[in-house]
Amino acid sequence: MKSFLSIASLLWLASNATSFTVKPITPQRTFSSLCMSTEAAVENNPRKEGLALQLDDGTRKSHSVAQNSAFVTGFFKGLSNRDSYSKLLTSLYFVYVTMEDSFDSTTEAMVKQMDNPELRRVDAASEDMEYFFGKGWKDKIKPSAAAKKYVARVEEVAKNKPRLLIAHQYTRYLGDLFGGQMMGGMASKSLNLSDGNGIAFYKFDEIDSTSEFISTWYKKLNSLDLTDEEKDEIIDEANLVFDLNIEILQELEGSPFQAVFTYAWKSFKEKMGLN
């Protein structure tokens, strides 16, 4: 998961570097009070314990530099032109239909517990599909080879080991939620999407506070009654999901460098008031 987060964080920092400010520490905020605040924040942070910590560490440590590079390159390829971006959304649409159908049909209580309606993406993805492909879009799209492989894995897990669906919830939904606003904004700039069109997938309008929502989600994750073996299996599945996402991104055509340049240039013009 931290691979997703570190990528999102780096891109976010790059796009906001010129507006970054540091608030001065007031005299009242002594060293001891800062230490106490930090200790309290760590103590109350559900990401620092239990399965949440194991998943974050387990996924981060297993991802090679090459894997992370492939993810970043593929992501920017998806922003290089509308065709690549719409193909990315199409693949994700098929993945999420299968995922959410599995969440609806499963009898696994833990998967039900981690399933939040605010995170569901099929309706949002459908809105984007209609924007890019027009009416009758369901007859115009089909899953790519990588999307078919991803879908088959979700179906296999749902049938044989439904608790592993938790890894899919963790890896995809939290990745979307953490990076959604940034990704949607980058797509809008890079592809000249106006009035919020084509980025519904990355918008979570029903979630007022991302940080509070994720904190609550992690607390629920940590409360699940899982054996050590089951936790290890979920971590392994989360790593597999990361690889499946890379395969979807690697299918896309386009230049990642063109996308980076376009985004950077438009951001510069906006900051300089040149639009």
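What's counted below: heavy atoms across the whole structure, side chains too, no hydrogens, waters or symmetry copies.
A pairwise comparison of heavy atoms in I141 and T90 identifies CB-CG2, 3.9 Å as the closest pair.
A salt bridge does not link D128 to K203: none of the charged side-chain nitrogens sits closer than 4.0 Å to a carboxylate oxygen. The pair D176-R121 fails the salt-bridge criterion, with no side-chain N (NZ, NE, NH1 or NH2) lying under 4.0 Å from an Asp/Glu carboxylate O. A salt bridge between E130 and K135 is absent, with no side-chain N of the basic residue lying under 4.0 Å from a carboxylate O of the acidic one. Here K161 does not pair with E156 in a salt bridge; the nearest charged N to carboxylate O distance is not below 4.0 Å. In this structure, R60 pairs ionically with D57, as a charged nitrogen and a carboxylate oxygen lie closer than 4.0 Å.
Under a 3.5 Å cut-off, the side chain of D195 and the backbone N or O of N197 do not form any donor-acceptor pair. Although no hydrogens or angles enter the test, the distance criterion places no donor-acceptor pair under 3.5 Å between the side chain of Q54 and the main chain of I235.
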Working for ring pair (Phe, Tyr, Trp, His ring centres under 6.0 Å), residues Y85 and F132: CA-CA 10 Å; Y85 180 67; F132 285 108; 5.6 Å; yes

Working for side chain to side chain donor-acceptor pair (under 3.5 Å), residues N245 and Y150: CA-CA 8 Å; N245 278 281; Y150 199 149; 3.2 Å; yes

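From K220, atom NZ reaches atom OG of S215 across 12.0 Å, with rounding to the nearest 0.5 Å.
A cation-pi contact, defined as under 6.0 Å to the ring centre and within 45° of the axis, is absent between R120 and F103.
Side-chain contact between M99 and Y173 is present, with at least one heavy-atom pair separated by less than 4.5 Å.
Side-chain atoms of S84 and N81 form a donor-acceptor pair, as typed in the model, at a separation below 3.5 Å.
For Y96 and F201, the distance between ring centers is under 6.0 angstrom.
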